[in-house]
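One structure is given below, encoded as C-alpha cells.
These figures come from a predicted structure and were not determined experimentally.
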Amino acid sequence: SQKIEQNSEALNIQEGKTATLTCNYTNYSPAYLQWYRQDPGRGPVFLLLIRENEKEKRKERLKVTFDTTLKQSLFHITASQPADSATYLCALDSSGGYNKLIFGAGTRLAVHP
Amino acid sequence: GAVVSQHPSWVICKSGTSVKIECRSLDFQATTMFWYRQFPKQSLMLMATSNEGSKATYEQGVEKDKFLINHASLTLSTLTVTSAHPEDSSFYICSARANFGQGAFTDTQYFGPGTRLTVL
C-alpha cells in the first residue's frame, strides 16, 4: 500500500543546533516532493520543492535532500531558532506531475532557548 | 504575492444546517483549487479538486452530494457542507495553484488560513 511516513514524535532541540526531519514514502514515484510549515490553527505555508532529478535544494537556513532510491527526503534547519517551532509537513505529488498532493502526518519541532 | 483567503475563519452551526466556505485567490488566477480537511493532530486529507468551469473531482470516500463545490470564477471556489452533522466538525483548508497563463502553472500550492467548522 502507499504510505508517507514522518516521525510522529516531537523533535526537541536546542537553539542554534541543526534540526533534521525525515520523510519516507513507499509505493509512490513522485515527480516532486514539497515541505510545508504549519502553525497551530493555520494553513500550511510552502517552504521548498525538490524534483525527482534533484538531489539537494537550499533556501537560506533550509536544506532539503531527495533520494529516490531510498524513497526518502530529509529536511534540515540550520542555526535553529525558537521561531522555527512548528509542525513540518512533507507532501508528494501522487499524480505524475498533476499536483495532487498527498501529505504526511507532520513532525512537530520545538526549539528551546 | 500568491495570497489565498478563506471566509469565514470559523463557524458554529446547528446540526442539519448548511454552511458555505469561500476560498479566494487574491492576487493571482487559480484555475485549480483544492479542498482539504484536517482533524486534530492529523494530516491534511484531500477531499476534492476544484476546476474552474467544470465539475469538481472528489476523492474516494468523499460524498459529493454532501460537500458541494463550485468554482465559478478564476479566483473563487466555494465548499458547501450540506446538512452538517457533528462528525463534519473539522478544520477545512483550501489551496490554489497559480495560473501564469499559456498552460503554465506553479507546482506549489498556496494555502488559505483555514476554516474551523463546529457543528453542535
Do side-chain atoms of A/Y36 reach the backbone of B/Q109 as a donor and acceptor pair under 3.5 angstrom? yes
Sort out for me which of A/A105, A/G106, A/P40, A/A91 touches chain B most, counting heavy-atom pairs under 4.5 Å. A/A105
Given A/G43, A/P44, A/G104, A/G41, the one with more heavy-atom pairs under 4.5 angstrom with chain B than any other is A/P44
Using 0.5 Å steps for rounding, measure from the CD1 atom of A/I4 to the OG atom of B/S43. 7.5 Å
Starting at CZ of B/F111, measure out to CZ of A/R42 and round the result to the nearest 0.5 Å. 14.0 Å
Near [X] [atom1], under 6.0 Å, is it more than 12 heavy atoms from other residues, nucleotides or ligands?
X: A/E9; atom1: CD; result: no
X: A/R108; atom1: CZ; result: no
X: A/R37; atom1: CZ; result: yes
X: A/H112; atom1: NE2; result: yes

Examine [X] and [Y] and state if one hydrophobic cluster contains both, with Ile, Leu, Val, Met, Phe, Trp and Tyr joined whenever side-chain heavy atoms are less than 4.5 Å apart.
X: A/F75; Y: A/V45; result: no
X: A/L74; Y: A/I77; result: no
X: A/L70; Y: A/L21; result: no

Which bit of B/I93 is near chain A, if near means a heavy-atom gap under 4.5 Å: side chain, backbone, both or neither? side chain
Does any heavy atom of chain A fall under 4.5 Å from the side chain of B/Q38, the backbone, both, or neither of them? side chain
Would you please indicate yes or no on a ring centroid separation below 6.0 angstrom for A/F103 and B/Y36? yes
Do A/L101 and B/L46 touch side chain to side chain, with heavy atoms closer than 4.5 Å? no
Under 4.5 Å heavy-atom distance to chain B, tell me which part of A/Q38 shows up: side chain, backbone, both or neither. side chain
